[in-house]
There are 2 protein chains.
Amino acid sequence: MALSHAILAVLAGRTCSGYDLAKQFDGSVGFFWHATHQQIYRELTKLEENGWIDGEMVQQNGRPDKKSFVITAAGTAQLQAWIAKPTAASPMKDELLTKLFVGHLVPIETLLQQLEEQRSLHTENLATYRTIEKLFKNPDELPLNLRCQYLTLRNGIHYETGWLAWCEEAIGQLKT
Amino acid sequence: MALSHAILAVLAGRTCSGYDLAKQFDGSVGFFWHATHQQIYRELTKLEENGWIDGEMVQQNGRPDKKSFVITAAGTAQLQAWIAKPTAASPMKDELLTKLFVGHLVPIETLLQQLEEQRSLHTENLATYRTIEKLFKNPDELPLNLRCQYLTLRNGIHYETGWLAWCEEAIGQLKT
DNA sequence: TAAATCTATGCACCAAGTTGCATATCAATA
DNA sequence: TATTGATATGCAACTTGGTGCATAGATTTA
């Protein structure tokens with residue numbers, strides 16, 4: 001139910017082809033809602049059937065033709081209604097923690113390897129977010145739409161910072 | 001692929017019926033791997049077919065009979081091999097952030113409501129974790145298996161703390 | 001004694017997500 | 001000119017996850 005809304009959310013900002021959307025879902029919205037191009041194309045068909053978006057073939061020169069989608073009034077209304085609805089808690093799924101939960105079954109070195117791998121992943125993510133953060137000058141003076149996007153970025157920064165702090169703690173603990 | 005391993009992880013600690021497992025997945029492992037009782041029963045069938053667990057009917061008095069599962073040597077080997085494998089990054093899915101991303105489409109009051117709802121959810125979660133944390137005396141002197149479990153709990157605490165800090169920041173920002 | 005609650009297991013159907021494949025246009029590079 | 005890479009879209013098959021329902025033994029509570 002929520003992939004459709006994530007797509008509407010992107011289209012609320014600008015018209016996109018499926019291909020454009022797939023790129024948005026790899027960065028930007030992709031930071032908090034993962035989707036493959038397959039899912040996106042399939043969902044676009046449904047959204048158009050529902051009348052929430054409108055597709056139109058666009059001839060291009062220098063590259064293949066594309067189908068461009070715009071959000072309809074009904075789509076926007078749908079999106080607004082969804083935002084106001086109570087938010088379902090995202091079902092937790094963390095492979096690393098599951099592994100650590102039974103970490104005593106493997107050599108400590110294996111655990112440390114995994115933790116260090118995670119640390120470098122989260123370090124990388126944090127660096128990406130920090131880079132984007134710098135593009136926002138004077139966060140307090142942003143128009144509302146950008147301020148909202150800025151806050152989603154800030155969430156990512158809190159998230160990654162928290163993970164990194166934990167990685168350090170866990171690695172430290174296990175090395176004792 | 002990973003629900004099976006989460007189940008094996010629980011069974012590595014103690015024999016369980018499907019019902020017991022369902023309760024473990026509501027708390028404990030459930031804090032980082034969500035699953036319904038339906039998924040669990042279905043997966044148990046597969047795990048038994050693969051020979052990774054062994055099921056046996058147990059007569060009980062005072063309550064219905066149950067089927068009790070133990071992990072096999074093959075199952076433990078499987079689990080150990082899985083722990084050592086590279087860990088797939090968990091695909092992000094956060095409904096609230098998706099909503100906030102297009103938050104300018106609704107009144108600020110709606111956003112604040114949602115954020116305050118999240119804040120209270122995460123406050124509750126943190127309180128739960130803190131309560132469990134107190135059960136661990138002298139974390140540095142725990143045997144390895146408990147220390148690993150303690151670290152998963154610490155991850156939850158970092159996670160919830162980070163979320164709460166962000167909630168405060170976001171609410172503060174939007175109230176300006 | 002009736003109803004609610006806890007223990008215990010499972011089917012059927014539907015929705016969502018993943019993987020691999022298939023196709024095609026056009027630009028740039030080797 | 002052949003290949004690579006970016007643009008662009010999509011099908012088919014499969015796995016996983018979610019919802020609702022169905023059943024049933026036993027205890028507790030009203």
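All values below were derived from every heavy atom in this structure, side-chain atoms included, with hydrogens, water molecules and symmetry-related copies excluded. Order of the sequence lines fixes the chain letters, A, B, ..., with proteins taken first and strands second; residue numbering starts at 1 for each chain.
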Candidate pair B/K46 and B/E49, rule salt bridge (charged side-chain N to carboxylate O under 4.0 Å, His left out), full reasoning: CA-CA 5 Å; B/K46 285 187 207 165; B/E49 280 168 12; over 6 Å; no
Sugar-phosphate only, base, or nothing, as touched by B/D65 at under 4.0 Å among non-hydrogen atoms: sugar-phosphate
Interatomic distance where NE2 belongs to A/H5 and P belongs to C/dA16 [whole Å]: 11 Å
Within the 6.0 Å centroid threshold, strictly below: B/Y129 and B/F31: yes
Protein-nucleotide distance (B/K93, atom NZ; D/dG18, atom P), rounded to Å: 10 Å
Spacing between A/M92 atom CE and D/dG17 atom P, to the nearest angstrom: 16 Å
Which nucleotide in C/dT18, C/dT9, D/dG17 has an atom nearest any side-chain atom of B/L3: D/dG17
Integer-rounded Å distance: C/dA8 P and B/D26 CG: 15 Å
B/S17 side chain to B/D20 side chain, donor-acceptor N/O pair below 3.5 angstrom: yes
Given D/dG18, C/dG17, C/dG10, the nucleotide with the shortest approach to the side chain of A/P91: D/dG18
A/Y41 side chain near D/dT9 phosphate (N/O to OP1/OP2, under 4.0 Å): yes
Residue mapping more 5' on DNA chain C - nearest nucleotide basis, A/P64 or A/K46: A/K46
Separation of atom OH in A/Y19 from atom P in C/dC26, rounded to whole Å: 15 Å
DNA chain C: 5'-proximal contact among A/H37 and A/G62 (nearest heavy atom): A/H37
Between B/T87 and A/Q114: side-chain donor-acceptor atoms closer than 3.5 Å: yes
Residue B/D26 excluded, over 12 heavy atoms near CG under 6.0 Å: no
Donor-acceptor pair present, B/Q38 side chain and C/dC11 base, under 3.5 Å: yes
Value in whole Å for how far the P atom of D/dG10 lies from CE of A/M57: 8 Å
Which residue lies more 5' along DNA chain D, comparing A/R42 with A/S68 via nearest heavy atoms: A/S68
Euclidean distance, atom CD of residue A/E43 to atom P of D/dG10 [Å, nearest integer]: 14 Å
Shortest side-chain distance from A/K66, nucleotide among D/dG17, C/dT9, D/dA8: D/dA8
Any B/L153 side-chain heavy atom under 4.5 Å of B/Q149 side chain: no
Shortest side-chain distance from A/K23, nucleotide among C/dG17, D/dT7, C/dT9: D/dT7
Sugar-phosphate only, base, or nothing, as touched by B/T45 at under 4.0 Å among non-hydrogen atoms: nothing
Distance in angstrom units between B/D20 CG and C/dT7 P, rounded: 10 Å
Sugar-phosphate only, base, or nothing, as touched by B/Q39 at under 4.0 Å among non-hydrogen atoms: sugar-phosphate
Short side-chain N/O contact to C/dT19 OP1/OP2 from A/T36, under 4.0 Å: no
